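Just so it is clear: chains get the letters A, B, ... in the order the sequence lines come, proteins before strands, and each one is counted from 1. The structure displayed is predicted, hence computed values, not measured ones.
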Number of protein chains: 2
Amino acid sequence: MNKPIELSIGCENCQIKHRAVCARCDEDEFATLEKIKYYRSFEAGQTVIWSGDRMEFVGSVVSGIASLTQTMEDGRTQMVGLLLPSDFVGRPGREAATYDVIATTDLVMCCFRRKPFEKMMLETPHVAQRLLEMTLDELDAAREWMLVLGRKTAREKIASLLSIIGRRDASLKLEGMAGKIVFDLPLTREAMADYLGLTLETVSRQMSALKRDGVIQLEGKRHVTVPSFERLLDEAGDDADGGLMA
Amino acid sequence: MNKPIELSIGCENCQIKHRAVCARCDEDEFATLEKIKYYRSFEAGQTVIWSGDRMEFVGSVVSGIASLTQTMEDGRTQMVGLLLPSDFVGRPGREAATYDVIATTDLVMCCFRRKPFEKMMLETPHVAQRLLEMTLDELDAAREWMLVLGRKTAREKIASLLSIIGRRDASLKLEGMAGKIVFDLPLTREAMADYLGLTLETVSRQMSALKRDGVIQLEGKRHVTVPSFERLLDEAGDDADGGLMA
DNA sequence: GCAGACCTTTGACCCAGATCAAGTCTAGGC
DNA sequence: GCCTAGACTTGATCTGGGTCAAAGGTCTGC
């Protein structure tokens, strides 16, 4: 595998670097990206782009969280992707957006105009290959989520979501010897429900249940402490007998 | 967009062509693919590759149907992808398979050894770009399916599956003026259930219900006639009041 | 400090789909 | 023609999560 190839889209002002690099062409691509880059900020709840709209840019999340959401005519919605900082947004080669992209929290994105980006991609094979890898990763994540949606119980779904968020949370830190993991949930109960194919009431109930059973700790509504992701997923599995049987 | 670029992996013996082509380099790539190609046949129910196994090839389905399936330790399974003829299998750049690949019906695959295929990809930018497009399509399909799994009722799920199968069925033909669509279901009720996140009993009941309500016709267990996909999806939506009220 | 807008929790009840349990249908095999 | 096995259907019952409704919390602006 060609390790020296690298692509991560961001910018040098943020903690996230944007580079489209191989041993030979480093500076060129960097400069190309510089020229076509701009920023956009959104408030929590704002729609970045509606499904079907022309997509004028690709880019990546600098800070905050965005969600990809599908909506049925009758209003049922399903979140189909969660974009955390450094995640890439957009489809080189696609004219129109396929989903609503919504700022779940306050959001800053680093954008690149789509046409020149595509041109750069055509001229720089490594970029297409890196994007292919990234897309394959997204595909794996989507399929992993299909298992969650199709076969897991509400309690297991919550545990899966906490793991995903927890694992990627920037502020993630180990606490004390016990190796507990502490982070803040950046989603409302409703957003969690939309991602998990549940209702917000069920999410709330299951969060309370996990807390009651001592699987997680909750301070306030959003500050979560979990023992370890393995134990979280395990204990969410064996369904809360609370030690009542013999 | 560069229209003359084309990639479809298959072989010239089958109806499916394998080509990795652009206006300039047509014959070369074709020859490269020829050299590294071989066939594999599987019986219905056989496992093509287990999750975690080394993936020695990429390729495409020539005939039959394969499924990508995820299994939990306790045996719950979720199908995360359905591979119909001409669909591409495998991950250039990935060592190990991420899911079980299972022959749902008798299956013939046209395979290319992975290493040389990857090499060819590195040397032929168009191939990487075409694979990116294909992967983006798969990603869209996976996300579409997340909506089905997360938010649709059993009846709607069945309708969605029938649409997908029907639309891609090779034997698809219009019948009479009415423009009805006729095809054979290549899946057992159990396989349908695995794809839809349901049990086989529920699948069976809903199939019977759709038939009883006149939304579809069934001859035998597998031969299906639907009016049109639009009406199928619509009528599956408004839930079978059968005209009893009023 | 109070009003209003959210977000969240909790309770009571209900129903779609799961589970458990018989059957039926069909295609081979002999 | 009969036997068996797998695919399928159907019924009875149970239950996880949805739905509806009513309260807490917490933050913002006044």
request  = Take nucleotides 9-22 of chain C nucleotide by nucleotide from the 5' end and write B, S or -, depending on whether a protein heavy atom sits under 4.0 Å from the base, only from the sugar-phosphate, or from neither.
outcome  = BBBB----SSBB--
key: Angle between terminal axes - the helix from C:dG1-D:dC30 to C:dC30-D:dG1, 5 pairs each end, rounded to 10°   = 40°
request  = Verify, without hydrogens or angle tests, whether A:Arg151 (side chain) and B:Thr77 (backbone) share a donor-acceptor contact under 3.5 angstrom.
outcome  = yes
inquiry  = Any heavy-atom pair between the side chains of A:Tyr195 and A:Thr69 that's under 4.5 Å?
reply    = no
ask   = Is there a donor-acceptor pair closer than 3.5 Å between any side-chain N or O of B:Ser163 and the backbone N or O of B:Ala159?
value = yes
message = For B:Phe183 and B:Phe229, take the angle between the two ring planes, folded into 0 to 90°, and tell me which bin it lands in: parallel under 30, tilted 30 to 60, perpendicular over 60.
response = tilted
remark   = Min and max contacting nt of DNA chain D in 5' to 3' order, chain B heavy atoms within under 4.0 angstrom, are D:dA7 to D:dA12
inquiry  = What I'd like to find out is whether the side chain of B:Gln78 reaches to under 4.5 Å of the side chain of A:Arg143, using heavy atoms alone.
reply    = no
task = Check each of B:Thr225, B:Ile158, B:Leu232 against B:Ile216 using the side-chain contact (heavy atoms from CB on, under 4.5 Å) test, and report the only one that passes.
result = B:Leu232
key: Worked verdict on A:Arg113 versus A:Glu56 for side chain to side chain contact (heavy atoms under 4.5 Å, CB included)   = CA-CA 6 Å; A:Arg113 290 189 296 121; A:Glu56 300 294 358; over 6 Å; no
query = Hey, does B:Leu83 have a side-chain heavy atom less than 4.5 Å from the side chain of B:Ile65?
reply = no
message = Using modelled atom types and a 3.5 Å cut-off, is there a donor and acceptor pairing between side-chain atoms of B:Thr104 and backbone atoms of B:Ala66?
response = no
request  = Look only at the side chain of B:Thr105 and the backbone of B:Gly64, and say whether a donor-acceptor pair between them is shorter than 3.5 Å.
outcome  = no
